[in-house]
Amino acid sequence: MAAKKQDYSSICKDIEQGHFAPVYLLHGEESYFLDHITDLLIDNVLTEDEKDFNLTQFYGADVTSIGDIVSACRRYPMMAERQLVLFREIQAYDNRSQQLDNLSLYIKQPLESTVFVMICKTKPLGGKLPKLVSDSGGVVFESKKIRDYELANVVEPYIKEKGLKIDAKALRILCESIGSDLSRMFHEIEKLRLTLKGTTITTEDVTTHIGISKDFNAWELQSAVGAKDFLKVEMIRRYFAANPKASPMVMTLSALFGFFTNLMLAHYCQNKTVNGLMADLKISYPLAKDLTVALKNYNGWKTMEVVSILRDYDARCKGARDVTLSDAEALQELLYKIMH
């Protein structure tokens, strides 16, 4: 039996259209996609009335025998066309390396009236299980952790699916302020969708509804530092000192460290144009544009020195250094060292 399509969009589309595989193996480090596919199955395999008798859930830490799961899968549904059996958190099942193989006989000959779903929120599963599920006509989906430079490529299509657009600067601020926590990211986008007057998410929308200052945030600071715009850097520093929650020191350090790490890589790129940096470093247009400016202000040696300085202040921030400076004082000292 041939394996079904295993990319995220195709899996979701099949489920929404009522096309179910007999067995699903959902595994990987990005939990959002695993949760979403699982929720889609719960909502589409059974009606609300059918769930009372036909939805069975097991949790890895509580399972004492794989035989209990197999027995549940072999039951016939009650007053429904199908039943749904979920085996959640299989990474917490103590004996999985030995006993998960006992599922093989069922997976090879699953009951047509059962939809069996295994969910593992950890590093991708190795061993025989993924190949077994795939070879038996089931669906194997690996949910890979989204890296920071890939985030915009995930968020922008999601926004388009909602019938919206987003300008480049707003997308950058959204991605860099929230990071790769997709559950929170999509929750914030939903909030924006409900409050939006038009169909385009602007910087103003992001800063107003997600609580980020339009002009005074960590990413405006990194841009100003890269351009050696002393006046703007000082304005942002004073704003941070008066509003400590606007950009905690750890967030500011993270933004600056990411910027200067990319700047160091940019020094090694042959094509130092905006398009060249976007292609080589897999970064957004606004960041590439800022880097082309910073390349003129920080040579390779100075960039390496700045990265070292940022590492030292990060250690201080995490308590690895015996210092008595407040965050505001430390930031003032840090910015002076970077820009001089």
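Quick note: numbers below take in every heavy atom, side chains included, and nothing from hydrogens, waters or symmetry partners.
The main-chain N or O of W219 is never found under 3.5 Å from a side-chain atom of S223 such that the two would form a donor-acceptor pair. Proximity of a side-chain donor or acceptor of K282 to a complementary backbone N or O of A279 within less than 3.5 Å is detected. Between the side chain of K144 and the main chain of E30, no donor-acceptor pair closer than 3.5 Å is present.
In this structure, E16 does not pair ionically with K13, as no charged nitrogen and carboxylate oxygen lie closer than 4.0 Å. Between E50 and R82 no salt bridge is recorded (no basic side-chain N to carboxylate O distance below 4.0 Å). Between D290 and R172 there is a salt bridge, since at least one side-chain N of the basic residue sits less than 4.0 Å from a carboxylate O of the acidic one.
For K160, the NZ atom is loosely surrounded, since the number of other residues' heavy atoms within 6.0 Å does not exceed 12.
Counting heavy atoms from C-beta outward, M118 and V23 have side chains that approach closer than 4.5 Å. Counting heavy atoms from C-beta on, the side chains of P22 and L111 never come closer than 4.5 Å. Considering only heavy atoms from C-beta on, Y106 comes within 4.5 Å of T114 through its side chain. Residues L287 and L281 are not in side-chain contact: their nearest non-hydrogen atoms beyond the backbone lie 4.5 Å or more apart.
Aromatic ring orientation, F116 versus F87: parallel (interplanar angle below 30°, classes split at 30° and 60°). Relative orientation of the F260 and Y298 rings is perpendicular, given thresholds of 30° and 60° on the angle between their planes.
K169 pairs in a side chain to side chain contact (heavy atoms under 4.5 Å, CB included) with only one of the listed residues (T203, V206, L174), which is T203.
T202 and D205 form a side-chain donor-acceptor contact under 3.5 Å, judged by distance and modelled atom types alone.
Hydrophobic clustering, with ILVMFWY side chains joined whenever heavy atoms are under 4.5 angstrom apart, groups V117 together with L40. Under the 4.5 Å side-chain heavy-atom criterion for ILVMFWY residues, a single connected hydrophobic cluster contains both F259 and W301. Linking ILVMFWY side-chain heavy atoms closer than 4.5 Å, directly or via other members, places L265 and M278 in two distinct hydrophobic clusters.
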Please walk me through it: do R75 and T56 pass side chain to side chain donor-acceptor pair (under 3.5 Å)? CA-CA 11 Å; R75 288 199 303 260; T56 306; 3.2 Å; yes
